[in-house]
Every structure is written in structure tokens, then in C-alpha cells.
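Below is one structure; the comments refer to it alone.
Predicted, not measured: the structure shown is a model, and the values here were computed from it. Below, chain A is the first sequence line, B the second, and so on; all start at residue 1.
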Amino acid sequence: MDEKYFPEQIEEKWQAHWRATDAFASAPKSDQPKFYCLEMLPYPSGFLHMGHVRNYSIGDALAWYKRLQGFNVLHPIGWDSFGQPAEQAAIKRGINPRVWTEDNIAHMRGQLQRLGISYDWSREIFAHRPEYYRWDQWFFLKMFERGLAYKKMTPVNWCPTCETTLSNEQASGGICWRCGNPVEKRDIVQWFLRITDYAEQLLNDMQEIEAGWPERVLTMQRNWIGRSEGAFLDFAMMDFPGEKIRVFTTRIDTIYGATAVVVAAEHPLIAAHVDKIPNRDAVEPFIVLVKAEKAQAKAPGAEEEKLGVDTGLRAINPFSGEEVPVWIGNYVLMEYGTGAVMSVPGHDERDFEFATKYGMPIRRVIASLAAGNEVTPRGPMAAAMTEYGVMINSQEWSGTRSDEAKRKMSVFAQEHGFGEAAVTYRLRDWGISRQRFWGAPIPIIYCDSCGTVPVPEADLPVRLPDDVKITGVGESPLASVPEFFNVTCPTCGGVARRETDTMDTFVDSSWYFFRYCDPHNTDAPVGKEIAAYWTPVDQYIGGIDHAVMHLLYTRFWTKVMRDIGLVPFNEPVKRLMTQGMVTNLIEGTNDWKRMSKSAGNGVDPDDMIGAFGADSVRLFVLFAAPVENELRWQEAGIDGAKRFLQRVYRHVWRWRASIANAPGEESAAGDFSAEARSLRRKTHQTIARLTADMDKFQLNTSIAALMELSNELGDFKVEPGAAAASDLYAVREALQALVIMLTPFAPHIAEEMWAGLTGSNAGLLGSQAKWPAFNAELAVKEELEIPVQVNGKLRSRIIAAPDATKEAMEAAALADEKVRTYTDGKQIVKVVVVPQRLVNIVVKG
RNA sequence: GCCGGGGUGGCGGAAUUGGUAGACGCUGCGGACUUAAAAUCCGUUCUUCGCAAGAGGGUGCGGGUUCGAUUCCCGCCCUCGGCACCA
């Protein structure tokens, strides 16, 4: 340990030490509890950004904390290395995507190591390497076997900028998750994974993780899954005897107000009977119009004008027997429910708008309960009434409370054979086909005689060819590589063609953290026993942007893995923490925006590490804001972090020689002075605070507590040369606790100071350093300053022992001179005494 | 429109879940050291009145419960995020 703190020297020194000693290597152990600490794996764009720094600093703080507490910690990292930027580099600059990716990884790995994040590098994984993606393909085959992977032609999200399809989650809000541009609909044949089979489980199993996941993530997933309870109802077709239109409704109680059935333009009934539709001349152009409208990218949130056309067909309301027209409407979605709705303009806002526009009748069949006794309001409706109430104009159902009627009516419908209670979901199956090169090939072969044939497991991996010209035009680049797609059928040996689409990269990240447990396994994606030891993940840390993409997919994937028999649980992640984003001021404005190259407000982590040291950067990032909040980048704040580290360093330097002679046992230290007792009290109070705050992920207040302890050490009035044995004991206790508890936030300087304090170069882990033990007795104050209020206003303070009786406190408060100026001559109504807290005297007059 | 999270000094944020509001840090201001600067250290920094001791006000707004409310209840306002023709 040198007198002066030079971050670059000690950071290099300890990084080398960690590497040489495999300090963070992990293996299953029976004598320690395990802790799996995971941060979302990065895409190797080439450069670490501050969001990464924040993510990994948070994770590393937890990993160190758990390690020092005696947990067997798994803390791995890898690369989400398939994806479009590599392909863009290939298109624009002719670089081989694999070479580009590997170079980027090499650079970013160096950056992570300069940050000193405590990863077990022996477990590093790479999504783009065949040793990894063969298991993506293996999972696909398992799903195919179970009917969970299927292919269909359907309108899918298409990003014209990225030139590929997107899943619904990736096109949420009508914009592409990667490039931010509006998406279109296109009819494309795609592979889908049947995530909807798991909709109910994805919803129900949330109770297992409710305590550990942020409310907003669960809410977003709940909304995304969009469960809704209602009923299917069949409207018989007048024109086609025996045929019916099935609608889905959540408001069966409004059925007597149905004045039409409205179907989606793509509804099969229309296509099946197009030549028998009375208004065919109007219907056909309308369908063309609606399809064109849907194919067009539209601004997010923009609601189309409601358009419709009367087909001239008629259907029968199964409850009332009434005849109603069948319309086609652009606002009815084929993808949701049954693609057909009953139109109840009186009690649904959309139907009201539609009916008003086309002059359709509007009928009131629910009367408001809030309106008191008037159950049959008169006059035309000015707007849809969407609340529950009492049914009116509804034949024998009139007078029934509409919320109660719902269940009875769906039972009635079922008994009479024209409907049933039903649940629908907004969630759709996960489209995973991508018309791109840089992804895992889908292991399927098309044979003219055998049809769709899965690649035999023994033939995995289906490797990506290495020297492909990627032009960015046309269909999937693999479709222009005959050596890739020309194959023989594994079943009949005949001529066949390989699937040329690749998988969505979210497949790779759906199960990667299982692979970390067993990264070199060549027989399975992960060994069952080893997975059972390490997983589920105890703490996961990442950005909120993956709330309904990655975090939903990985829950789904885990359930499939459970069904295959690979893992014994339902949920992959016990606790999730979503960090806030890192923002920086846009120059010349007052706007704080997410750091990014394009906005010109990015900060290069390497520059910061060079200027302040990795420890100061990490400490600042963790101290400046609670982990879930936005973090505003301010260099003055890193200065503050470095100042604090320097102060601690100076305390250690100043005392290290003297405390080497401190007695080993407390009993040999003799009597502690009031000053020494006070320091020890602060030390133990700090231990208690840190432990509680760390468990709650309150890293900012943890650091604040360490600063307080450091300040107290600075205020310790005894000089090292003149210190009694007891003083040295107290100071050593404080410094050791401070250094160990600082480790999660600034590990390099902590290692250096630990070496300085102990004279050992074995490192914290090598010397079995342990999180300090809390001693409640030492943390208790000898005397307390108790605030005294008169009528709730602070008027004075008294000194009391922590175990003072209520009576003694009351007497002392009433006797206090300042208090008496407020109580003299007044009637004391009541005295409230809260032991160890306060006294409040209530007076009158 | 629906769902969810928030409103505390100049700023980031604390407050042991009903008990001293503003911990810790940043910034600013004043000072020490220095020929000077950097670095470091000390003081000060919610607000009003006051030379001071002290007194009043104060956690988005208005009510309420309580000896006591940033915290609990009722009614508003503002703001951020997500979803959005989902029947």
C-alpha cells in the first residue's frame, strides 16, 4: 500500500490478482448456500455504454455482498451475439459478421475487465457459436415434437427498415423495437411457438414471483396477456341454413341491445360465400380497402376512422330471436376473439360511434343503478352507457342486475346450445422466423414426398455457412446459398430443401442463464442436476425495456423446459430488479435524455475510468440515485465519489502501522474511552444499516452510511501515536468493517486497503474476509436525546437512558425549563411518552 | 380511455412504515493553508422575521382521523411510464 491513492495502479494490480487466482470461479458446493446473481447479457455492439456500467455495477455489488456473507455465488456473463447490427456491418462494409462480432466481444470483454466486474469468465457463452445455437435448434425440435412449434401463413408484423418480420412483442405499439420505425402487416409464412398454450400459467404463476418482481413489470405482462372473461354466442345465418357466426362478448348482458353483427374483413364466412353476398359490389372493394389500410405502417396510437359496409346478410339474435344485419367493419380484428362481434351501440363506445355514423338504431337495455328509482329512462342516448346496471327492454331478463346476469346468461346459452362461457387472451403465438442471416438456422427440411421434416437430433447443429455474401436485398440471405439449402431428405433420402429463415434472437436469450450453469455440456443444453443446484436465478438485474419481450419469453421457455423434464420449477427468476436509465444533459438545453450516440450525449466508460478510476465511476453510479430511478450523469458527482475513497484510503494509511499492534482480543483491550465507545457504536450501527439496506437493494443509502462511518473516523480525536490499546482496537474494528463493506461498491481499493490493514496479499477472498458481524449491545446508545413536544410542537430535548421508564421520562420532560415556559399556568391534559422516542405534552388554556 | 408509478431544499435524494422533516452527496457562498493556483481542510446552505437568543411557516392542493401525518382516509391538481378499435 502506497501513501497516495493511484486508482490505475491498484486496479490493474488487483484485476491481475483476481485473474491469476480464479477468484470468482464457482462450482456447486454442499456446505454453502448458493446464490445466482445475474445481469442481462449484453449485445456485443462493440462498446460498453453507461447503461451497461450501471447494470453490472449493481449486479457486482450484490455478488460481492453475497460472497462476503458466505454464499456460493454464481456470477456469469456472456454475449447475445446474434442479431442485425452484425448483418448491417456485413451489408455496408463487407465485413464477415462472425469476425465483426468476435472483435466486438474481445473489445467489450476488455472493458468489463477494466471495470473489474467479478465474473466467472470460465462460463462465458456466445449465442453465435454452434456450441450454443445447436441447443436453440434442439429446443426447437423438442417443441416441434410436442406441437409447440408450427408454421402458418398469416399477416405478421413487418419492419420495412430492418427488412424482417417481428413478433407482436417486438412490434408493440406499432413500432419496431430495434429501429423505432412504424411496422406494417404482411402475409408471410412463419414459424410460431405456441406461447398461448401457456397464457393461463403465465398469468397464474405470477403469484409465485409477486413478492420479488416489480409491480409494474407484472402489470405490463398481465396487460399484455390480456385475459378477458366473457362468452361465445352463435348468431344463426338466415341466408345459409345451418351456418352461424360465433361472436365473443364480455357483455352478454347487453345482448338485447345488439342491432348488428360486425365481422372482420378477413372473416372466413365472407370469403366462403362471396358469390352469394347480396351487396357483393360494395363488399369486395371494401375488403380490398381494409386490407390495404392494414398493410400500411401507421403512427403509433393513431386510431383509424371507423368504416363499414352492410353485407345484406341477416343473422338471428339467439336470445331475442330478432333479425339483425351482418356488417363488415374495419375496427373488428380477425386476430382477437372470433373475428366477429355483436354490435351494441347503446352500451359500447365503438359500436355507438359506428351506429351513429351509419344511422343504425341505438337501443337502451341497461339502466343505471346510480340514477336511483328511475329504471326506465326515456329519450335518445347521447353516448354509450358502459357501466353495469339493471337490465331493461330484455324480455324475461328485464329487472335483473346486469353484472349478476352475465354468468346466468352464459349458462342459459350453453343449455340451449347457442353459446358458452369463454376466456380469450390478447396474447398471440410467438412468431420466430426471421428473414435474416445472422441467427440460428431453423432445423427443418422440406421434402416433396415427406413434407416438413425435422432435422434429426444427431445432425445438429445446422451450421451457418461462413462465407456468404450478404447484400440486404431479397429474401433470407441463406436462400441464395445452394450449398446450404440443397439437402437430402433425412426420411426418404430424396431431394429436399432446407428452411432458410433463422430464429428470432430472443430465442437465444430465453434460456441462456441455464447454459451458464453447465456451459460446456455436449449432451444437453444443461445437466438436470446442475440446473437444479444453481437455478432458479436468485436475483436478476436489467432494463425495464424487456418487461414484455425477454422476460415473458423466458418465463414461457422455462415452463416448456419443465414440461420436457429439464427443470423442476415454474419460474426462472425469483427476484427481478429493473434499473433506471442513465441520462445526460443535451448540450445547450435543459433536457435530460437517455445517453446515446445519436443524441450526442453519450459518455464513454473508458474515458471515465481513465479520468477517475473504475472504483469511483462504479461508486458514483450506485450512490447518485436509487437503482430503479433515472440516473443523471454529473461529473462533479464522480469527483465526490473519488474524494470519499481518498478519505477512506487516508484513514487506513494513517492508522495501519499503529493498529498492527492492537490487541487481538477485545478482553485484552482494557477500558474503552467514551470516544472509543462512540466509534464502536457507529461501527455497529453502520453494519446493521448496511445489511438491512443491501437486502432491500438500497445501494445509495448503504454508501451514505459508509460515508457517515468514515466521517466519524475522521472526527476521532486520538492521534495514532498516542492511542491506548482500546482505541487501536476500536479503530481497527471500524476500519476493517468499513473496508469490507466498501468492497461491493469499490472492490479494487477495498482489496488494496485490506492488504494494507492485514499485511496479507492473499486478497479478501483468499484471506477468508467475512462481512462484519453486528453486535446489538455495542450499537445501543448510552444516553438518548429525547425530543419534547408541547401540543405537537418541538420545544426542548431531554437526556434519557435508553431504558428510562415512562414515568421518569415524563417527570424529566415536565421539569425541563424550556418546557415549563409553555406549560406554566396551563392545564396539562395528557402526556404521551414513547420510550426511546419522544414526549408530547398536551396542554389547554 | 384503461392500468401502474411518482410529486420532499438550488440539484440527486434520506426519514427505522404514525414519533426531532431534509441523513449522505453535489452545487453555491465564506474562510484557512499557498507568492499564486490545484489539491486538502474548516464553516455555512429549506424559508420568513431578528444583531442575537429565539419565534413563525414548510413534504403538490383542499379537507379529515390523531396527542402527533411526508407516512393513514376522502376529494382534487400535476407528472412520468405502459397498453390502446382486444368487443
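Within a 6.0 Å sphere centred on NZ of A:Lys244, other residues, nucleotides and ligands contribute 12 heavy atoms or fewer.
Cation-pi geometry between A:Arg246 and A:Phe418 is not satisfied (NZ or CZ under 6.0 Å from the ring centre, within 45° of the ring normal). Judged by the 6.0 Å distance and 45° axis criteria, A:Lys306 is positioned over the aromatic ring of A:Tyr331.
B:U17: glycosidic angle within 90° of 0, hence syn. Glycosidic conformation of B:G82 is anti; the angle lies outside 90° of 0.
Contact annotation for A:Glu708: backbone-only contact, meaning every heavy-atom pair under 4.0 Å involves sugar-phosphate atoms and none involves a base. Using a 4.0 Å heavy-atom criterion, one finds that A:Pro626 contacts the sugar-phosphate atoms exclusively. The residue A:Val341 sits close to a base: some heavy atom pair falls under 4.0 Å. A:Asn791 comes within 4.0 angstrom of nothing in the nucleic acid, heavy atoms only.
B:G75 sits 15 Å from B:U65 when the C1' atoms are compared, rounded to a whole Å. Distance check on atom P: B:A69 versus B:G62 gives 15 Å, rounded to whole Å. Distance noted for atom C1' between B:A38 and B:C24: 26 Å (whole Å). Taking the C1' atoms as reference points, B:C46 lies 16 Å from B:U20, given to the whole Å. B:G58 sits 22 Å from B:A53 when the P atoms are compared, rounded to a whole Å. When the C1' atom is compared between B:C29 and B:G6, the two are found 33 Å apart, to the nearest whole Å.
Remark: A:Lys306 is not in phosphate contact with B:C85, judged by side-chain N or O atoms under 4.0 Å from OP1 or OP2. Contact between the side-chain N/O atoms of A:Thr701 and the OP1/OP2 oxygens of B:C24 is not found at any separation under 4.0 Å. The shortest distance between the side-chain N/O atoms of A:Asn629 and the OP1/OP2 oxygens of B:G13 is below 4.0 Å. When the side-chain nitrogen and oxygen atoms of A:Arg426 are compared with OP1 and OP2 of B:A84, one or more of them lie within a distance under 4.0 Å. OP1 or OP2 of B:C83 has at least one side-chain nitrogen or oxygen of A:Ser172 nearer than 4.0 Å. Contact between the side-chain N/O atoms of A:Tyr822 and the OP1/OP2 oxygens of B:A55 is found at a separation under 4.0 Å. Residue A:Arg216 has no polar side-chain atom (N or O) positioned under 4.0 Å from OP1 or OP2 of B:C83.
The base of B:C83 has none of its N or O atoms less than 3.5 Å from a complementary donor or acceptor on the side chain of A:Asn223.
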task = Check the pair A:Lys357 / A:Glu305 against salt bridge (charged side-chain N to carboxylate O under 4.0 Å, His left out), numbers first and verdict last.
result = CA-CA 10 Å; A:Lys357 173 160 181 172; A:Glu305 189 194 352; 2.4 Å; yes
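Out of B:U27, B:G13, B:A87, the shortest distance to the side chain of A:Ala625 is found at B:G13.
A:Arg246 has its CZ atom 15 Å from the C1' atom of B:A87, to the nearest Å.
In this structure, the separation between CG on A:Leu289 and CG on A:Asn330 is 8.0 Å, given to the nearest 0.5 Å.
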